[in-house]
Amino acid sequence: MTNDNNGTVPPDQVPDESGAGWADYLAEFHNQRPGAVEAVLSQAAAGDTTPYRWLARAIPPRVRTVLDLACGSGAVSRELASADRMVIGIDLSEAELDLASQRGPGPWVRGDIRRLPFADSSVDAVTASLGLVVTPELSQVLSEVARVLKPGGVLAAIAPALRGIAPRDLRVLGRLTARLRTRPQFPGAVELAGFKRSLSEAGLRRVEDGRERYGFWVTSRADAETVMKALYLPETRWSRVESAIEHLEDRIAKHGPVELAIPMRRVVAIK
């Protein structure tokens with residue numbers, strides 16, 4: 001990915017082909033850019049909803065205790081917060097949690113979603129906005145989710161989708177990836193292949209699997225920079241990111257605002 005100062009992540013923090021190095025890369029990314037992902041997803045819209053709101057709507061009103069995995073700057077936690085509900089955000093990044101604490105009441109917990117510091121059967125629901133794709137150990141995370149959920153508890157998660165993108169959207173995104181010479185990457189499988197079986201093995205039953213297209217409108221260079229700063233782009237030089245930003249600037253100048261499609265998948269399961 002890129003560093004806001006010199007454009008590169010140190011070599012020992014770039015993930016290799018085996019996936020090693022992701023922990024260091026993500027730690028550095030979120031230390032430098034707390035709130036970067038929220039800045040995009042909170043403005044991505046489909047009608048009157050955002051990805052965060054779509055995720056929050058999967059949690060039944062009766063739920064009183066929610067654990068928000070890899071909560072980042074706390075966007076989902078704030079969507080779910082109410083006077084009669086406790087929403088606990090957990091994340092490894094101190095910088096993200098500091099920002100979350102400035103924006104909402106919490107509680108906020110620094111911890112690893114692969115080893116949740118909570119008792120068995122202690123929460124009514126678990127949410128994950130990208131949380132299931134920021135670790136390659138999906139089965140371990142799901143086992144922990146099942147452990148802390150009460151019987152009948154709900155897991156609701158969203159993740160980027162690859163299937164079902166319209167040709168026009170592909171053309172727009174393709175021009176950007178041509179300049180970046182890569183696509184955004186995640187430690188885990190983006191489409192969560194075999195996810196139904198993984199849920200079942202953890203003791204969870206899938207009850208919903210839906211997809212939605214969101215759009216982020218780029219109207220200025222600042223918007224273009226906001227998008228680029230939110231992407232995981234290991235080994236991508238800043239010159240390539242700058243090329244993508246300049247491409248968007250040129251498109252805006254010639255054709256007006258550019259809509260970038262953000263396809264998402266929502267999965268809901270019950271213990």
Side-chain angles (χ1 to χ4, degrees), residues 1-9 13 22-46 49-56 66-81 87-113 127-135 156-160 176 180 184-188 190 214-234 236 238 241-242 244-245 248 260-262 264:
M1 178 57 183
T2 56
N3 172 303
D4 288 344
N5 298 316
N6 59 26
T8 59
V9 165
Q13 293 176 1
W22 268 111
D24 290 338
Y25 173 79
L26 291 175
E28 182 69 12
F29 179 98
H30 289 283
N31 179 59
Q32 292 179 359
R33 306 178 184 191
V37 174
E38 181 183 340
V40 173
L41 293 187
S42 63
Q43 296 183 61
T49 190
T50 67
Y52 295 133
R53 198 166 301 147
W54 190 40
L55 175 56
V66 183
L67 177 60
D68 186 22
L69 303 185
C71 65
S73 48
V76 174
S77 298
R78 294 194 302 276
E79 285 283 350
L80 287 166
V87 184
I88 307 162
I90 182 170
D91 202 285
L92 272 174
S93 171
E94 288 189 34
E96 293 282 10
L97 292 174
D98 285 346
L99 183 56
S101 66
Q102 296 171 29
R103 295 178 174 179
W108 311 105
V109 176
R110 186 165 187 262
D112 190 335
I113 64 173
T127 55
S129 168
L130 310 187
L132 299 187
V133 295
V134 295
T135 174
I158 57 173
L176 288 177
L180 294 169
Q185 300 176 41
F186 291 89
V190 171
Y214 294 87
F216 180 91
W217 285 96
V218 181
T219 64
S220 65
R221 180 183 175 89
D223 289 340
E225 291 175 345
T226 294
V227 170
M228 291 303 147
K229 287 181 179 180
L231 302 179
Y232 296 152
L233 297 168
T236 300
W238 178 253
V241 177
E242 181 64 29
I245 292 171
L248 288 172
L260 300 180
I262 303 178
M264 302 295 290

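Just so you know, these numbers use all the heavy atoms, side chains as well, and skip hydrogens, waters and symmetry mates.
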Heavy-atom check, side chain of Pro187 versus side chain of Leu26, under 4.5 Å: yes

Distance in Å, Glu79 CD paired with Trp54 CH2, rounded so as to fall on 0.5 Å steps: 14.0 Å

Atom pair CG/CG of Asp223 and Leu248 - distance to nearest 0.5 Å: 9.5 Å

Spacing of CG belonging to Leu55 relative to CG belonging to Leu130, to within rounding of 0.5 Å: 9.5 Å

Spacing of OG1 belonging to Thr236 relative to CE belonging to Met228, to within rounding of 0.5 Å: 10.5 Å

Value rounded to 0.5 Å, distance of CG in Asp91 from CG in Asp68: 9.0 Å

Ala100 to Gly72 - nearest heavy-atom pair and separation: CB-O, 3.8 Å

Leu99 CG to Trp108 CH2 distance, which is reported to the nearest 0.5 Å: 9.5 Å

Stepwise side-chain contact (heavy atoms from CB on, under 4.5 Å) test for Thr127 and Leu69: CA-CA 6 Å; Thr127 55; Leu69 303 185; over 6 Å; no

Exam field: side chain Arg78 to backbone Ser73, donor-acceptor pair closer than 3.5 Å: yes

Sidechain N-carboxylate O distance under 4.0 Å for Glu38, Lys229: no

Of Ile90, Val76, Ile88, Leu97, the residue whose pairing with Cys71 passes side chain to side chain contact (heavy atoms under 4.5 Å, CB included): Leu97

Ala36 versus Ala230, closest heavy-atom pair with distance: O-CB, 3.4 Å

Exam field: side chain Tyr25 to backbone Leu233, donor-acceptor pair closer than 3.5 Å: yes

For Ser77 against Gly89, the heavy-atom pair lying closest together: OG-CA, 4.2 Å

Donor-acceptor pair, side chain of Glu96 and main chain of Gly35, under 3.5 angstrom: yes

Validation row: Leu41, Tyr214 side chains within 4.5 angstrom (heavy atoms): no

Exercise: identify the closest heavy-atom pair between Thr50 and Ser42: CG2-O, 3.6 Å

Phe216 to Val227 - nearest heavy-atom pair and separation: CE2-CG2, 3.3 Å

Aromatic ring pairing Phe29/Tyr232, orientation class (parallel under 30°, perpendicular over 60°, tilted between): perpendicular

Gln43 side chain to Ala39 backbone, donor-acceptor under 3.5 Å: yes

Pairwise side-chain contact, Val40 with Leu231, heavy-atom cut-off 4.5 Å (strictly under): no

Exam field: side chain Thr49 to backbone Ala46, donor-acceptor pair closer than 3.5 Å: no

Any side-chain heavy-atom pair of Trp238 and Ile245 under 4.5 Å: yes

Heavy-atom pair with the smallest gap, counting every atom of Val133 and Pro160: CG2-CD, 4.2 Å

